[in-house]
Amino acid sequence: MLGAILFLTCAGFQLCGAAKSPPPPLPTVFPPKAVDGWMLVGSLNMLDYKNQKCPSQWRAYTYKKACGRIPGQLCSSVRVPTGSDSFRQVCGRFRAFQQGSPDAFAGLFIIKPAKIDDPYVDGISITYNNAGVQRKHVFTYAAGFTEQINSGTSCPCAGGAEIPSFVRTSDYYCESGNPDNSWLSILYCDPLWDGKECRYSEESCCNPPHQPWFCKNLDKRVNSDLEIRLCADEGVDNEDIALESYELWVR
């Protein structure tokens with residue numbers, strides 16, 4: 001009888017310790033479909049100017065239907081509630097434009113190595129909060145200084161500064177909207193991260209196939225809001241990101 005009890009206990013332990021099934025495949029057609037279990041948790045479309053406006057944590061551009069950082073802030077943050085259910089996968093899309101002279105990951109005024117709480121990128125940082133304590137990286141959209149020349153302030157794909165250690169090589173896009181080798185304090189008209197018009201030194205920046213969409217498997221299931229930070233380490237007159245629209249989906 002004792003042997004039988006030991007056998008059942010061991011068998012039960014083996015079942016409890018069985019490997020967890022992997023997450024389902026990520027989509028390759030966008031937007032994701034609710035019928036496949038995806039839920040849209042956040043969106044903005046400033047082109048629908050009659051019905052949508054910038055959240056109070058961001059400022060509204062006066063000459064473009066877009067949102068940017070609050071003057072005086074290095075990062076302006078908006079939280080995106082994801083509901084009560086946990087999730088393991090995140091997909092999203094961001095459309096924005098370059099203001100002035102962003103420096104991608106150069107972080108001219110950031111002590112290296114950069115930390116995730118720093119304005120580590122001139123661009124957009126998407127994170128979640130791990131157990132209410134620490135930010136965890138989901139995805140980054142970076143804006144480089146120019147597509148014309150190789151420079152430390154350009155995108156990594158154009159010879160710019162390397163990504164920080166907490167950003168995986170598959171977890172960021174980078175592009176510049178500036179076609180010249182100098183810059184003006186203007187809003188450039190080339191949309192960022194659309195997989196188009198990556199010219200000159202940043203031609204390979206358009207290689208990721210699904211831009212502007214990203215999809216990612218997280219390391220584990222989480223129950224957390226997502227956070228969108230518009231960041232840069234200099235003032236808004238010098239560099240900024242003008243966010244026109246976005247979508248965030250979880251499953």
Side-chain angles (χ1 to χ4, degrees), residues 12-45 55 57 75-96 105 113-121 123-142 156 163-175 192-195 207-231 241 243 245-251:
F13 174 77
Q14 289 174 345
L15 288 174
C16 290
K20 296 180 180 178
S21 59
L26 292 169
T28 56
V29 177
F30 300 100
K33 298 178 181 179
V35 70
D36 294 328
W38 288 94
M39 180 171 64
L40 178 66
V41 294
S43 65
L44 177 73
N45 181 8
Q57 300 93 328
C75 288
S76 296
S77 169
V78 165
R79 291 194 173 273
V80 179
T82 59
S84 58
D85 295 333
S86 63
F87 57 94
R88 175 78 186 275
Q89 297 174 313
V90 183
C91 286
R93 152 191 90 71
F94 285 73
R95 178 181 170 90
F105 295 101
K115 300 178 177 62
I116 195 167
D117 293 328
D118 294 333
Y120 65 88
V121 66
I124 301 173
S125 170
I126 301 103
T127 57
Y128 68 91
N129 202 271
N130 185 32
V133 176
Q134 182 183 16
R135 286 187 176 103
K136 291 289 187 180
H137 182 255
V138 176
F139 205 82
T140 294
Y141 289 85
I163 58 176
S165 60
F166 53 83
V167 178
R168 298 172 183 170
T169 56
S170 58
D171 290 343
Y172 80 95
Y173 295 145
C174 188
E175 185 182 351
L192 301 173
W193 320 305
D194 59 353
N207 285 348
H210 299 303
Q211 295 186 61
W213 285 93
F214 77 88
C215 279
K216 178 176 179 176
N217 290 316
L218 304 182
D219 294 334
K220 61 181 180 180
R221 297 193 69 85
V222 299
N223 192 333
S224 168
D225 292 345
L226 295 171
E227 182 182 17
I228 304 170
R229 290 187 296 159
L230 307 183
C231 293
I241 298 300
L243 177 60
S245 65
Y246 79 83
E247 299 176 44
L248 281 172
W249 298 72
V250 300
R251 178 169 68 176

* Below 4.0 angstrom, N of the basic side chain to O of the carboxylate: do Arg168 and Asp219 qualify? -> yes
* Asked: Are any of the side-chain nitrogens in Asp194 or Arg95 under 4.0 Å away from the carboxylate oxygens of its partner?
  -> no
* Do Glu227 and Asn129 come close enough that some side-chain heavy atom pair is under 4.5 Å? -> no
* To do: Write down the atom of Ser224, the atom of Phe87, and the distance for their closest heavy-atom approach.
  => O-CE2, 3.3 Å
* Lys/Arg-Asp/Glu bridge criterion (N-O < 4.0 Å) met for Arg251, Asp36 -> no
* Atom pair CZ/NZ of Arg88 and Lys220 - distance to nearest 0.5 Å -> 10.5 Å
* Structure fact -> All heavy atoms of Gly92 vs all of Tyr141, minimum pair found to be O-OH, 3.7 Å
* Arg221 side chain to Ser86 backbone, donor-acceptor under 3.5 Å -> yes
* **Tyr120 versus Thr140, side-chain donor and acceptor atoms under 3.5 Å** => yes
* Taking the side chain as C-beta and beyond, is there a heavy-atom pair between Tyr172 and Pro156 under 4.5 Å? -> yes
* From Trp38 CH2 over to Cys91 SG, what is the distance, rounded to the nearest 0.5 angstrom? -> 3.5 Å
* Kindly give the heavy-atom pair with the smallest separation between Asp225 and Pro81, and that separation in Å. => OD1-CA, 3.3 Å
